[in-house]
Enquirer: 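Okay, handing you the structure first.
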2 protein chains.
Amino acid sequence: METFIKCDEEVSNIELVNKVKNNLLSDEEIFDLAELFKVFGDSTRMKIINALMKQDLCVCDIALITNSTPSAISHQLRVLKQAKLVKYRKEGKSVIYSLDDEHVKEIFEKGREHIEEI
Amino acid sequence: METFIKCDEEVSNIELVNKVKNNLLSDEEIFDLAELFKVFGDSTRMKIINALMKQDLCVCDIALITNSTPSAISHQLRVLKQAKLVKYRKEGKSVIYSLDDEHVKEIFEKGREHIEEI
DNA sequence: CAAACATATGAACAGATATTCACATGTTCA
DNA sequence: TGAACATGTGAATATCTGTTCATATGTTTG
């Protein structure tokens, strides 16, 4: 059974709707934005980011700090790397990860501000 | 078979690890932050936010603008409402939604800045 | 070189999540 | 009041996602 939507048949609202619609970001931009925030939307990854805000760290230390396994952390670091939120350098046996960009901290802090207001 | 992790047995690194660990947000704060960003991490919700940045809108108009159904939008508006990202008021037959807070726009824009840099 | 270790990766499983569909609720106004 | 409409909601489904486990890769150093 099909659902007919009659909402807003008045000309004025159709124009309003179209005006808003034409001012939105493209579907691709929206998708990329959502993908970015999806990366922030996981506790393990947020802990990693939080740790790297304090100190550059190797995978193994991040695992210790976050009470996780090196394997799980490695998987998540890949996600963070793909989103250009972290970068890495090699030092001896270790791979040292660090935040890639000031925006990471800024997004983190903006989120914190919102949380605190509730 | 248990995996023993030997990483960082030197005293200096144990101290470093503990220092970082003690400076992190609590698990609860991290969880709340991740939950917040999870809300931003969906294309439909991002479209809704983007539309509400331009104009306060009723459910039905949001559905038209986002090429979605009123039902799907209603479900997502509930998520946005619970995260205190949108608020609503009643006007006649309609329920008009709007952004709840300046942080919403700010987080959106910070994300955009990061995307643009890639 | 070989042992020891740090990191990466692929497959598999379990849990989370968005949409759809059917229907319920609640409002307006003729 | 009752038809028409706008919104909300619960269950079901299909898809996505994070962790685990086993194992591979690659590096250091004895």
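Chain naming here is simple, since letters A, B, ... match the order of the sequence lines and numbering starts at 1 in each.
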Enquirer: Would you mind writing out the side-chain donor-acceptor pairs for residues 110-118 of chain A within the sub-3.5 Å range, not counting sequence neighbours?
Expert:
from, atom 1, to, atom 2, distance (Å)
A/K110, NZ, B/E106, OE1, 2.7
A/E113, OE1, B/H103, NE2, 3.1
A/H114, NE2, B/A83, O, 3.0

Enquirer: If you check the A/R78 side chain, which of C/dT28, C/dT9, C/dT7 turns out closest?
Expert: C/dT9
Enquirer: Quantified as the angle between the terminal helix axes (five pairs each), what is the overall bend of the helix from C/dC1-D/dG30 to C/dA30-D/dT1 to 10 degrees?
Expert: 30°
Enquirer: In whole angstrom, give the distance that lies between atom CZ of A/R45 and atom P of C/dA16.
Expert: 15 Å
Enquirer: At 4.0 Å (heavy atoms only), tell me whether A/K90 reaches a base, stays on the sugar-phosphate, or touches nothing.
Expert: nothing
Enquirer: Using atom CD of A/E35 as one end and atom C1' of D/dT17 as the other, report the distance to the nearest whole Å.
Expert: 12 Å
Enquirer: For A/K93 and D/dT25, what is the distance between atoms NZ and C1' respectively, to the nearest whole Å?
Expert: 15 Å
Enquirer: So, OP1 or OP2 of C/dT19: does either fall under 4.0 Å of a side-chain N or O from B/Q76?
Expert: yes
Enquirer: Can you tell me which nucleotide in C/dA6, D/dT9, D/dG18 comes closest to the side chain of A/D42?
Expert: D/dG18
Enquirer: Could you pick out which residue, B/Y88 or A/G41, lies toward the 5' side of DNA chain D when each is mapped onto its nearest nucleotide?
Expert: B/Y88
Enquirer: Go through the structure and list residues passing side-chain contact (heavy atoms from CB on, under 4.5 Å) with B/K19, not counting sequence neighbours.
Expert: B/N23
Enquirer: Round to a whole Å and report the spacing from CZ of A/F31 to P of D/dC16.
Expert: 10 Å
Enquirer: Begin from the C-alpha positions of B/S74 and B/R78 and carry the test side-chain contact (heavy atoms from CB on, under 4.5 Å) through to its verdict.
Expert: CA-CA 6 Å; B/S74 182; B/R78 187 163 52 84; over 6 Å; no
Enquirer: Would you kindly say whether B/S26 and B/E29 are connected by a side-chain donor-acceptor distance under 3.5 Å?
Expert: yes
Enquirer: What is the separation between atom CD1 on A/I73 and atom C1' on D/dC21, rounded to the nearest whole Å?
Expert: 16 Å
Enquirer: Taking only the side-chain nitrogens and oxygens of A/T69, find out if one of them lies under 4.0 Å from OP1 or OP2 of D/dT20.
Expert: yes
Enquirer: Examine the base of C/dT20 for any acceptor or donor lying under 3.5 Å from a partner atom in the side chain of B/H75, and report the outcome as yes or no.
Expert: yes
Enquirer: Closest approach to the side chain of B/K38, judged atom by atom: which nucleotide of D/dT20, C/dT17, C/dA6 is it?
Expert: C/dT17
Enquirer: Under a 3.5 Å distance rule, please check whether A/R45 uses its side chain to pair with a backbone N or O of A/V39 as donor and acceptor.
Expert: yes
Enquirer: How many whole angstroms separate atom CG of A/N67 from atom C1' of D/dG18?
Expert: 17 Å
Enquirer: Take the protein atom CG of A/L77 and the nucleotide atom P of C/dA8, then report the distance between them rounded to whole Å.
Expert: 7 Å
Enquirer: Test A/Y97 against A/R89 for side-chain contact (heavy atoms from CB on, under 4.5 Å), laying out the working first.
Expert: CA-CA 7 Å; A/Y97 282 84; A/R89 62 181 187 273; over 6 Å; no
Enquirer: Looking at residues at least two apart in the chain, or sitting in another chain, which of them share a side-chain contact (heavy atoms from CB on, under 4.5 Å) with B/A51?
Expert: A/V20, A/L24, B/L57, B/I65
Enquirer: Does A/S71 make a side-chain donor-acceptor contact with the base of C/dT9, cut-off 3.5 Å?
Expert: yes
Enquirer: Among residues 47-55 of chain A, which residues get a heavy atom nearer than 4.0 Å to DNA chain C?
Expert: none
Enquirer: For DNA chain D, whose closest nucleotide is more 5', that of A/G92 or that of A/V79?
Expert: A/V79
Enquirer: Ignoring backbone atoms, establish whether B/Y97 has a side-chain N or O less than 4.0 Å from OP1 or OP2 of D/dA6.
Expert: no
Enquirer: Expressed in angstrom and rounded to an integer, what is the separation of A/L64 atom CG from C/dT7 atom C1'?
Expert: 14 Å
Enquirer: Classify B/S74 by what it touches in the nucleic acid, base, sugar-phosphate, or nothing, heavy-atom distance under 4.0 Å.
Expert: base
Enquirer: Could you pull out all residues at least two apart from A/E35 that satisfy side-chain contact (heavy atoms from CB on, under 4.5 Å)?
Expert: A/F31, A/K38
Enquirer: Would you say A/L99 and A/V95 are hydrophobically clustered, going by side-chain heavy atoms of ILVMFWY under 4.5 Å?
Expert: yes
Enquirer: Please give me the minimum heavy-atom distance between B/S94 and B/C58, naming the atom from each residue.
Expert: CB-CB, 4.0 Å
